[in-house]
Amino acid sequence: MSTAGASADPLAALGALPGVADSVESVRKAVDRVYGHRVMRRRSNAITSEAALRGARGSAALSGADWALEEVRRRTDFSGDDEARTVGAALRLTAEAGQLLSIWRQSPLRVLARLHLVAAADKADQVGRPRKEGEPVDEPLVGLPLPSATETHGRLDGLAGLIIAGGSAPALVTAAVVHGELLALRPFTSHNGLIARTAERIVLIGSGLDPKSVCAAEVGHAELGRDAYLEALGGYVSGTPEGVAAWIAHCGRAAELGARESMAVCEALQRGAA
């Protein structure tokens, strides 16, 4: 977030980066199209449930468990191998996200700790708190240099301060920064990718952009592919204006694709085919 300089509202300052305003507007239009669909007036709960399932599937895919949607839908036991546990963690996080909205703006670090507890689903000493110096991080799909625990704690505090302070930044910008920071820092010993994408979802819901959680950005991130995801993340970590703007645009495109997916679900429900 160094591109924001000494601005009193650094997240809002990122909104002035080249191309970001266009991404913000494109996402708003895509989300508005979904909310304007006639099915949303009658069956919004069904769209929310389906978006949650598809979002969890997409997030798990980016963490190495790329299952078919129907396999995720039919499976009831996620206690088997590593892939099954990853899918189970993604589903639990998606279900938990909506329960934490009221806490997020007052205590985002408490929410992140809760998300790690939910994802890890055990009571090991490392669960539910940021990692300590020297503790390994199980996040093999993100090969960026790992910040020290001291730097991580400081940046987490800074991120929490920005969220609590609020500001005028568009929801997409805030969501992208939260997502990018958590992936760059990998503050927990495991499940950081799943947590980062869940936090992005929480911001998009809580900001009012997608209050019914029907436009799952995780779907779009998976559709764009892991290589593009990691390349865009590298731009964010670089801290250059171009890199940060490219990451925000990438997150915006993912949100648009998530909205498109829900539009398709609306159309299917309207035809009586879903």
Side-chain angles (χ1 to χ4, degrees), residues 1-36 55 97 101 104-106 108-109 111-112 144 154-185 195-221 224 228-260:
M1 292 186 291
S2 59
T3 56
S7 169
D9 190 351
L11 291 178
L14 296 180
L17 292 173
V20 169
D22 291 339
S23 294
V24 169
E25 182 62 19
S26 293
V27 170
R28 167 56 68 187
K29 289 179 178 178
V31 173
D32 285 348
R33 282 193 291 271
V34 178
Y35 278 81
L101 295 173
W104 175 255
R105 286 296 297 270
Q106 285 74 42
L109 297 184
V111 169
L112 294 174
L144 296 167
R155 286 172 63 176
L156 277 178
D157 286 343
L159 181 64
L162 290 174
I163 293 166
I164 292 168
S168 59
L172 172 63
V173 172
T174 303
V177 168
V178 167
H179 186 168
E181 278 290 286
L182 292 176
L183 268 183
L185 297 175
I195 291 168
R197 291 183 288 275
T198 303
E200 179 184 49
R201 172 185 283 267
I202 289 172
V203 173
L204 293 175
I205 299 169
S207 67
L209 176 64
D210 182 19
K212 295 184 183 293
S213 190
V214 296
C215 301
E218 304 98 318
V219 170
H221 284 302
L224 292 168
Y229 183 68
L230 294 177
E231 181 180 353
L233 176 63
Y236 176 83
V237 171
S238 75
T240 66
E242 297 80 7
V244 174
W247 169 250
I248 295 171
H250 185 86
C251 291
R253 182 59 180 151
E256 289 182 60
L257 291 171
R260 187 183 71 178

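As the structure is a computational prediction, the values presented were derived from the model and not from experiment.
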Nearest heavy-atom pair of [X] and [Y]: which atoms, and what distance?
X	Y	answer
Val34	Ala259	CG2-O, 3.3 Å
Thr198	Ala97	CG2-CB, 3.9 Å
Leu14	Ile248	CB-CD1, 4.3 Å
Val237	Leu144	CG2-CD1, 3.6 Å
Ala169	Ala12	CB-N, 3.6 Å
Ala196	Leu182	CB-CB, 3.8 Å

Any side-chain heavy atom of [X] within less than 4.5 Å of one from [Y]?
X	Y	value
Val27	Val31	yes
Leu156	Leu185	yes
Val177	Leu159	yes
Arg105	Ile163	yes
Trp247	Glu242	no
Val178	Trp104	yes

Using atom types as modelled and distance alone, determine if a side-chain donor or acceptor of [X] lies under 3.5 Å from a backbone N or O of [Y].
X	Y	result
Thr174	Ala171	no
Ser26	Ser23	no
Asp210	Cys215	yes

Lys/Arg-Asp/Glu bridge criterion (N-O < 4.0 Å) met for Glu25, Arg28: no

Intermediate values then yes/no, side-chain contact (heavy atoms from CB on, under 4.5 Å), His221 and Glu200: CA-CA 12 Å; His221 284 302; Glu200 179 184 49; 3.2 Å; yes

Identified side chain to side chain donor-acceptor pair (under 3.5 Å) partner of Tyr236 from the options His179, Glu181, His250: Glu181

Arg253 and Glu256: CA distance, side-chain angles, deciding distance, salt bridge (Lys or Arg N to Asp or Glu O under 4.0 Å) verdict: CA-CA 5 Å; Arg253 182 59 180 151; Glu256 289 182 60; 3.8 Å; yes

Chi angles and distances behind the side-chain contact (heavy atoms from CB on, under 4.5 Å) call for Val219, Leu257: CA-CA 7 Å; Val219 170; Leu257 291 171; 5.7 Å; no

Spacing of SG belonging to Cys251 relative to CG belonging to Leu233, to within rounding of 0.5 Å: 9.0 Å

